[in-house]
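Working notes, beginning with the structure itself.
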Amino acid sequence: MCGRFALSAKTSSIEALVPGLHIHEDLEPRYNIAPTQNIAAVTGADPTVPAHLRWGLIPSWAKDKNIAVKMINARAETLGEKPAFRNLLKRRRCLIFADGYYEWRKYEGQKRKIPFYFKMKSGEPFTFAGLWDVWKNNEQGLFDDFEDGTAPVISSATNITTSPNELTSKFHNRMPAIILPTDRELWLSDEEDINYISESLRPYPEEEMETYEVSSIVNNAFNDNAACTVPFNTI
DNA sequence: CCAGACGTTGTT
DNA sequence: GTCTGG
DNA sequence: CCAGACGTTGTT
DNA sequence: GTCTGG
């Protein structure tokens with residue numbers, strides 16, 4: 001899975017995740033990052049510069065950018081076989097910055113599903129494994145924006161999923177592939193052995209993670225994507 | 001050769 | 001673009 | 001992923 | 001129920 005996540009860490013702690021990375025601008029804290037929105041990432045092309053990628057992969061060959069809604073996730077197990085992902089796995093890997101992600105649980109008799117927030121016990125941000133590509137619109141001028149404000153050239157990304165660790169498996173049968181700190185350099189490298197690369201797409205050790213139910217008061221802020229400092233309730 | 005797909009998740 | 005199915 | 005819409009015509 | 005927008 002992984003259809004929503006958060007990134008509110010200080011710029012300095014995000015920079016600390018990738019050697020040489022320098023983030024020039026201040027990133028707004030975000031607690032409800034959704035598909036089609038921009039996400040903060042670094043690509044293997046230049047890991048010293050932050051990349052702002054649109055979440056939902058639009059492959060370079062796509063005629064219609066709306067294919068993105070179907071490409072927010074990519075299964076780690078089959079990346080090497082899928083025509084849409086195989087080449088990207090070889091040459092267009094990226095790390096997506098996050099400090100938590102959400103899974104939903106529905107309680108018996110309750111209408112709404114409740115979000116649970118998954119994070120590192122350390123509180124530090126981390127990196128999802130992603131693939132990215134650049135798409136150029138062929139049907140209209142390259143200098144004309146779309147009506148929805150998106151550009152005619154879009155760099156986008158998909159978030160790789162893998163089997164869940166023990167903690168996440170209580171909520172879902174998938175979890176986002178979180179790259180171990182020691183594997184980040186490899187993931188951004190120009191290594192083309194996809195079997196070797198794929199070894200870093202394992203479920204993240206659950207002993208380093210924890211989850212909280214997002215309380216109703218936080219839920220409001222969550223829905224508004226507003227800044228939120230209220231502590232989550234522990235389950 | 002050309003034509004057509006290219007994807008995941010959750011839910012039923 | 002690249003792979004699969006016909 | 002969730003939230004929210006889901007429609008057209010004519011008139012101003 | 002299903003699609004769209006974020």
Side-chain angles (χ1 to χ4, degrees), chain A residues 1-7 28 30-40 52-92 96 98-108 110-119 128-138 145-151 153-164 168-178 192 194 201 211 213-214 216 218-226 228:
Chain A
M1 221 261 334
C2 193
R4 300 276 172 140
F5 64 97
L7 180 64
E28 287 290 316
R30 294 167 68 197
Y31 299 90
N32 189 10
I33 299 171
T36 71
Q37 295 179 347
N38 278 343
I39 55 180
H52 299 288
L53 305 174
R54 194 176 189 262
W55 185 12
L57 185 78
I58 311 172
S60 59
W61 42 261
K63 293 192 183 83
D64 179 4
K65 67 189 168 75
N66 289 327
I67 193 173
V69 302
K70 300 171 184 173
M71 303 262 191
I72 68 173
N73 295 132
R75 291 179 66 89
E77 296 88 337
T78 52
L79 286 180
E81 306 155 17
K82 301 288 183 180
F85 299 136
R86 194 192 167 119
N87 285 338
L88 301 180
L89 178 61
K90 247 183 173 179
R91 285 182 274 270
R92 291 209 192 245
I96 298 163
D99 42 36
Y101 61 91
Y102 299 95
E103 303 285 358
W104 274 259
R105 166 171 288 175
K106 191 175 174 184
Y107 288 112
E108 195 73 26
Q110 286 192 5
K111 210 173 183 181
R112 268 195 186 287
K113 287 190 274 186
I114 304 296
F116 283 71
Y117 186 62
F118 290 73
K119 61 185 281 286
F128 294 134
L131 304 175
W132 66 287
D133 207 349
V134 181
W135 174 83
K136 292 185 176 70
N137 173 40
N138 288 320
D145 283 357
F146 288 102
E147 281 180 21
D148 63 6
T150 55
V153 177
I154 301 176
S155 295
S156 61
T158 187
N159 195 330
I160 297 172
T161 64
T162 188
S163 50
T168 309
S169 69
K170 292 169 185 159
F171 294 79
H172 275 294
N173 58 350
R174 307 294 295 166
M175 73 177 281
I178 299 171
E192 293 196 359
I194 59 176
L201 300 175
T211 188
E213 179 174 340
V214 179
S216 57
V218 171
N219 201 17
N220 292 330
F222 167 80
N223 285 330
D224 293 344
N225 194 19
C228 162

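Every value quoted in this text rests on a predicted model; they were computed, and no experiment measured them. In what follows, every chain begins at residue 1, and chains take the letters A, B, ... in the order their sequences are listed. Quick note: numbers below take in every heavy atom, side chains included, and nothing from hydrogens, waters or symmetry partners.
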Side chain to side chain, [X] and [Y], heavy atoms closer than 4.5 Å:
X: A:Lys170; Y: A:Arg105; value: yes
X: A:Pro115; Y: A:Trp104; value: yes
X: A:Thr168; Y: A:Phe116; value: no
X: A:Phe85; Y: A:Ile160; value: no

Using whole Å, what does the distance between atom [atom2] of nucleotide [N] and atom [atom1] of [X] come to?
X: A:Tyr102; N: E:dG6; atom1: OH; atom2: P; result: 20 Å
X: A:Leu88; N: B:dG7; atom1: CG; atom2: P; result: 11 Å
X: A:Asp64; N: B:dA5; atom1: CG; atom2: P; result: 14 Å
X: A:Leu89; N: B:dC6; atom1: CG; atom2: P; result: 19 Å
X: A:Ile58; N: B:dG7; atom1: CD1; atom2: P; result: 16 Å
X: A:Ile67; N: E:dC3; atom1: CD1; atom2: P; result: 17 Å
X: A:Gln37; N: E:dT4; atom1: CD; atom2: P; result: 18 Å
X: A:Arg86; N: B:dG7; atom1: CZ; atom2: P; result: 12 Å

task = Tell me the stems DNA chain B sits in, counting at least three consecutive Watson-Crick or G-U wobble pairs, each under 3.5 Å on both distances.
result =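 When the pairs of DNA chain B are grouped into runs of at least three, the stems are B:1-6 with C:1-6.
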
Look at the side chain of [X] and decide which nucleotide, out of [options], has an atom nearest to it.
X: A:Ala84; options: B:dC6, B:dT9, B:dT8; answer: B:dC6
X: A:Phe85; options: B:dG7, E:dG6, B:dT9; answer: B:dG7
X: A:Trp61; options: D:dC1, C:dG1, E:dG6; answer: C:dG1
X: A:Lys113; options: B:dT8, D:dC2, E:dG6; answer: D:dC2
X: A:Arg75; options: C:dT2, B:dT9, D:dC1; answer: B:dT9
X: A:Asn87; options: C:dT2, E:dG6, B:dT8; answer: C:dT2

inquiry  = Can you check the distance between E:dG6 and B:dC6, where both ends of the measurement are the C1' atom (answer in whole Å)?
reply    =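 Roughly 25 Å separates the two C1' atoms.
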
key: A:Phe128 ring center within less than 6.0 Å of A:Trp55 ring center   = no

A:Gly80 backbone acceptor or donor facing A:Arg86 side chain under 3.5 Å = yes

inquiry  = Is it the case that the side chain of A:Thr158 and the backbone of A:Ile72 share a donor-acceptor pair, with hydrogens and angles ignored and the cut-off at 3.5 Å?
reply    =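 Yes: the side chain of A:Thr158 pairs with the backbone of A:Ile72.
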
What does [X] touch in the nucleic acid at a heavy-atom separation under 4.0 angstrom: a base, only the sugar-phosphate, or nothing?
X: A:Ile72; value: base
X: A:Ala62; value: nothing
X: A:Asn66; value: nothing
X: A:Ser60; value: nothing

Hey, is the side chain of [X] poking within less than 4.0 Å of OP1 or OP2 on [N], counting only N and O atoms?
X: A:Thr158; N: B:dT8; answer: no
X: A:His172; N: B:dG10; answer: yes
X: A:Asn173; N: B:dG10; answer: yes

query = Do A:Arg75 and A:Glu81 meet the salt-bridge criterion of a basic N to acidic O distance under 4.0 Å?
reply = no

message = Check for me: is A:Trp104 stacked on D:dC1 by the 5.5 Å centroid and 30° plane-angle rule?
response = no

